[in-house]
Amino acid sequence: MAKSVFVAFVFAFLVIGFQLNNGATTSLDASPGWSGRFWARTRCGSDSSGKFTCATGDCGSGQVQCNGAGGAPPATLVEFTLGSGGSQDFYDTSLVDGFNLPVSVVPQGLLVS
């Protein structure tokens, strides 16, 4: 059975959340020098009062949007730092906040020198 994953990320000092359905993709624009992290929240849903929670990676806001809160462990992280002024970009996956699902990063696009 295909399941949705709820993704949260730190972007421009805001923690944002959204639903990503099975097989779906999304993109965002980030300026040079941006640094942030993404994590997936799993087994999410709303109770009868409308409070939204997740079994892993929950940010405790009670909503899909994280409203400035980070994810609670366990949450597999993907971290990015985009270079500026010709410097390199960096990315990694991290288990510092625990493991809740496998993740991979696959760079795509043109290499500009």
Side-chain angles (χ1 to χ4, degrees):
M1 172 191 273
K3 303 233 181 208
S4 297
V5 171
F6 289 82
V7 179
F9 61 97
V10 179
F11 186 79
F13 303 107
L14 300 173
V15 181
I16 300 168
F18 59 92
Q19 179 175 344
L20 189 61
N21 292 326
N22 186 46
T25 62
T26 192
S27 62
L28 63 97
D29 295 320
S31 301
W34 177 80
S35 182
R37 56 175 37 184
F38 294 78
W39 67 94
R41 299 174 288 167
T42 61
R43 294 181 279 159
C44 300
S46 297
D47 65 17
S48 61
S49 71
K51 182 179 179 185
F52 182 84
T53 59
C54 300
T56 67
D58 189 58
C59 54
S61 69
Q63 304 171 2
V64 173
Q65 293 288 335
C66 288
N67 300 326
T76 306
L77 303 175
V78 178
E79 301 169 314
F80 293 90
T81 298
L82 303 181
S84 61
S87 61
Q88 293 181 327
D89 298 330
F90 295 92
Y91 64 90
D92 67 84
T93 57
S94 172
L95 302 179
V96 69
D97 287 346
F99 173 86
N100 67 334
L101 69 141
V103 65
S104 65
V105 176
V106 180
Q108 295 180 350
L110 298 174
L111 175 63
V112 180
S113 57

Search all heavy atoms of F52 against all heavy atoms of R41 and return the closest pair with its distance.
CE2-NH1, 4.0 Å
With sequence neighbours left out, the residues meeting side chain to side chain donor-acceptor pair (under 3.5 Å) with S87 are none
Check the SG atoms of C44 against those of C54: under 2.5 Å or not?
yes
Enumerate the salt bridge (charged side-chain N to carboxylate O under 4.0 Å, His left out) contacts for residues 73-84, please, sequence neighbours excluded, ordered by first and then second residue.
R37-E79
Under the side chain to side chain contact (heavy atoms under 4.5 Å, CB included) rule, collect the residues that match up with S84, sequence neighbours excluded.
P32
Ignoring hydrogens and geometry, is there a side-chain-to-backbone donor-acceptor pair from T76 to P102 under 3.5 Å?
no
Quick one: side chain to side chain donor-acceptor pair (under 3.5 Å) partners of S48, sequence neighbours excluded?
none
Looking only at heavy atoms, what is the nearest atom pair of G71 and W39, with distance?
N-CZ2, 3.1 Å
Pairs under 3.5 angstrom only: tabulate donor-acceptor contacts from the side chains of residues 89-99 to other protein residues two or more places apart or in another chain.
residue : atom : partner : partner atom : Å
D89     : OD1  : G83     : N            : 2.6
S94     : OG   : V96     : N            : 3.1

Of all the heavy-atom pairs spanning S61 and C66, show the shortest one and how long it is.
CB-O, 3.6 Å
Quick one: does V103's side chain get under 4.5 Å of F38's, heavy atoms only?
no
Which heavy-atom pair separates C59 from Q65 by the least distance, and what is that distance?
SG-O, 4.5 Å
Across all chains, not counting sequence neighbours, the side chain to side chain contact (heavy atoms under 4.5 Å, CB included) partners of T56 are T42, R43, P74, N100
